[in-house]
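Report on one structure; see the data block that follows.
Computed from heavy atoms alone, side chains included, the values below leave out hydrogens, waters and symmetry copies. Predicted model only: the values in this text are computed from it and were never measured.
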Protein chains: 2
Amino acid sequence: MTGSVPNAPRIPTVRDVAALAGVSPMTVSRTMSGGQNVSAEVRTRVHAAADQLGYRPNQNARNTRLRQPTGLIGVAVTNLGNPYYGQFALGIEDEAARHNRHILIGNSREDPLREAELLDGFTGRQVEGLIVVPAGNGLGFADRLGSLPRVPLVLATRSIEGLEKDTVLVDDVGGAHAGTASLIGEGHRRIAFLGDVDGIPTARRRFQGFTEALAAAGIPFDRALLAPVRDTAAASVAVQQLLGQPDPPTAFFSVNNRTTVGALRALSGHRSTTGGRASALASFDDVELADLLGIPLTVMSHDPRALGAQAASLLFDRLAEDRLPEHGPARPRLVQMPVTVRRYPSPPKG
Amino acid sequence: MTGSVPNAPRIPTVRDVAALAGVSPMTVSRTMSGGQNVSAEVRTRVHAAADQLGYRPNQNARNTRLRQPTGLIGVAVTNLGNPYYGQFALGIEDEAARHNRHILIGNSREDPLREAELLDGFTGRQVEGLIVVPAGNGLGFADRLGSLPRVPLVLATRSIEGLEKDTVLVDDVGGAHAGTASLIGEGHRRIAFLGDVDGIPTARRRFQGFTEALAAAGIPFDRALLAPVRDTAAASVAVQQLLGQPDPPTAFFSVNNRTTVGALRALSGHRSTTGGRASALASFDDVELADLLGIPLTVMSHDPRALGAQAASLLFDRLAEDRLPEHGPARPRLVQMPVTVRRYPSPPKG
DNA sequence: AACAGCAATGGTAACGTTATCAGCCAGAGT
DNA sequence: ACTCTGGCTGATAACGTTACCATTGCTGTT
């Protein structure tokens, strides 16, 4: 890791361009950054030399000299392969592009160690700010954060208890409540919950909304209907098992798009083998094509791209404020993104 | 954009740590990078001071001084919101993490101007290499490339005619040929093609495989069955129109996951309203849940994550080679990722 | 006792960039 | 002829870092 590259072709610098154009490095610098106070003749000569050598100003050296921010934003997500976080990253990228910033992205794989590595790397590269989806349950995050530098940090999707930072969440509790209420309104009483409630905080919040809706309707929750699954395959197996029980649930609440896909596979298979009345499914997160399967489906839908854009927006607000701290730092902000409940097939009008 | 930040809290440097620990900056530097030849007593004092100030070595300054590479890889994709490119990015990230690199990611939105901006920004930030999915049809890319620096470049998913660079492609022609042959084997003769053949090169290559398979079976292609669609909504409309024709196609070839989703919506709706025999669909790219819809489906499947990993792998090979150019630069490599054809429901055994 | 060898530490300079200041020269105003 | 202005150019130093060399003081050998 240490030591310079022996045979790498040298990248041209201001000095190389200056020598070729027959001027001083200073004149090259001036020409490259606007060309104020440079004669037209010299300007063209410098540009020609720069083009010939393929010269690009070294932004890193530039930032060092100017004590300027780097224009970099660090983003750490838990699973880049999940389409959800693709949309999320897209929202951030849009907003970052608008503010003329680039994004450094990293995948923590829900691993706090990898997350710490990432944040270390980001800060070492002098990012101006961080947007983080905390890995796992976020335990210990605040401790690790203690050693982070003072760049602005926005938490997305998951909050950290006791950590006062700008945060963007989905209205998990309200959305889950509304979705569950919709199932109850259709007459369901035995509703299973698919999701690992002890894992990530998001699942816990959705479970909270779920139980609140049950309680509001006076329905006790049978703990036997709680399936602590975390991925597609496990969700599929759990649904099959639950349907095989003596007193099976008539509906399922699925905690995210991964478990929903698993549940849909199981329900689809079950319907075709038994021919019985299809069990209903309520899904937190949209899943493409799910509405075509003929399974009674309630979707608690939200927009990950908007969430990403919102997170970036909070971050840039904070950066702007740091530049003009007239009133001292503002208190951390918490934004909840709205959740919409939809029903497939659409309920009859009236 | 120019000018330093007035009120930003100063970020601690080696000098600050040195002053606090009562040693020279040099000793701090040594301590932070391994601690060779530093007494245990001083080492602990320096670490304490660094922790107290929240000091992080400035990687940018470090790289400048060491003439070391930055550990950054630039990645430009055309649509970060497409789950396909999420998986692709994941593959790159995996491989980059293995090589201890970070990735700068940008979304070109199929816009060559934005793409050029991105690549400029990346190279200005001294990335060690670039992985690019060329925007649009790639026309003019080589010209823009002329002004790029000499860092290694890997093209992914789409190649640029006349540009000799490391490239990773999907076996579009072979895959499309095999998928089409599968439809023909099931007895289909009138097969529509959903995809904009004049747009991105990938679509053109898949169309080539499609027509080759038809030709091999002695089936002429009716140009009326070519629907130049680029997104989900347009694909859906096109399928409806084609099915409404006097002599409708019995099968559809869909050029990518976006058009497949549109086609599935249309076919699903058509089947439920007419009750007739369902038209078959061959889809280039996997689509989650598509196999559950009860529509005869042939999938030409490939692994975007593996593709990303392969692209990154080529890049790191090239970087390693640049370090030890014993035999001069190797010729550009072209890797074709394999395509697997699957049938849903599975064909009977035997 | 003299000296080599080595560990620990610091001074200096350089990476590529640009802010700052100083110098030069042409043309305008007196 | 003289300053004065303002456009153009370059020398110097500094951003935060570390390679390189010099210096100090210690141990172990002869």
Side-chain angles (χ1 to χ4, degrees), chain A residues 1-6 8 10-46 49-50 53-71 123-126 149, chain B residues 1-6 8 10-46 49-50 53-71 123-126 149:
Chain A
M1 273 296 113
T2 316
S4 65
V5 178
R10 239 177 57 72
I11 291 171
T13 73
V14 260
R15 263 185 279 275
D16 300 317
V17 178
L20 184 59
V23 296
S24 76
M26 199 54 236
T27 300
V28 175
S29 172
R30 257 190 288 259
T31 308
M32 297 313 286
S33 53
Q36 290 298 314
N37 289 350
V38 180
S39 72
E41 196 262 334
V42 168
R43 194 156 43 212
T44 48
R45 221 166 63 222
V46 168
L53 296 175
Y55 168 73
R56 308 265 126 168
N58 181 332
Q59 281 297 336
N60 294 338
R62 200 156 189 277
N63 291 327
T64 306
R65 171 64 240 243
L66 295 176
R67 288 167 155 244
Q68 254 184 5
T70 52
T123 55
R125 281 176 181 81
Q126 311 298 112
Chain B
M1 274 294 112
T2 317
S4 66
V5 178
R10 238 176 58 72
I11 291 171
T13 73
V14 258
R15 264 185 278 278
D16 300 316
V17 178
L20 184 59
V23 296
S24 78
M26 201 51 238
T27 300
V28 175
S29 172
R30 257 189 288 258
T31 308
M32 298 312 288
S33 53
Q36 290 299 313
N37 289 350
V38 180
S39 72
E41 196 262 335
V42 168
R43 195 157 42 213
T44 48
R45 221 165 63 222
V46 168
L53 296 175
Y55 168 75
R56 309 263 127 168
N58 182 332
Q59 280 298 335
N60 294 338
R62 200 156 189 276
N63 291 327
T64 305
R65 172 63 242 247
L66 295 177
R67 286 167 157 247
Q68 253 184 5
T70 51
T123 54
R125 281 175 181 81
Q126 311 298 111

Value rounded to 0.5 Å, distance of CG in Asn60(B) from CZ in Arg125(B): 9.5 Å
So which heavy atom on Gly22(B) is nearest to which on Arg45(B), and how close? O-NH2, 3.8 Å
Can you see which heavy atom on Ala21(B) is nearest to which on Ala49(B), and at what distance? CB-CB, 3.9 Å
For each nucleotide in nucleotides 9-17 of chain D, reading 5' to 3', give B when a protein heavy atom comes within less than 4.0 Å of its base, S when such contact involves only the sugar-phosphate, and - otherwise. BBB-BBBBB
Would you call Val28(A) and Thr31(A) a side-chain contact if the rule is heavy atoms closer than 4.5 Å? no
Are any non-hydrogen side-chain atoms of Thr13(B) and Asn58(B) less than 4.5 angstrom apart? no
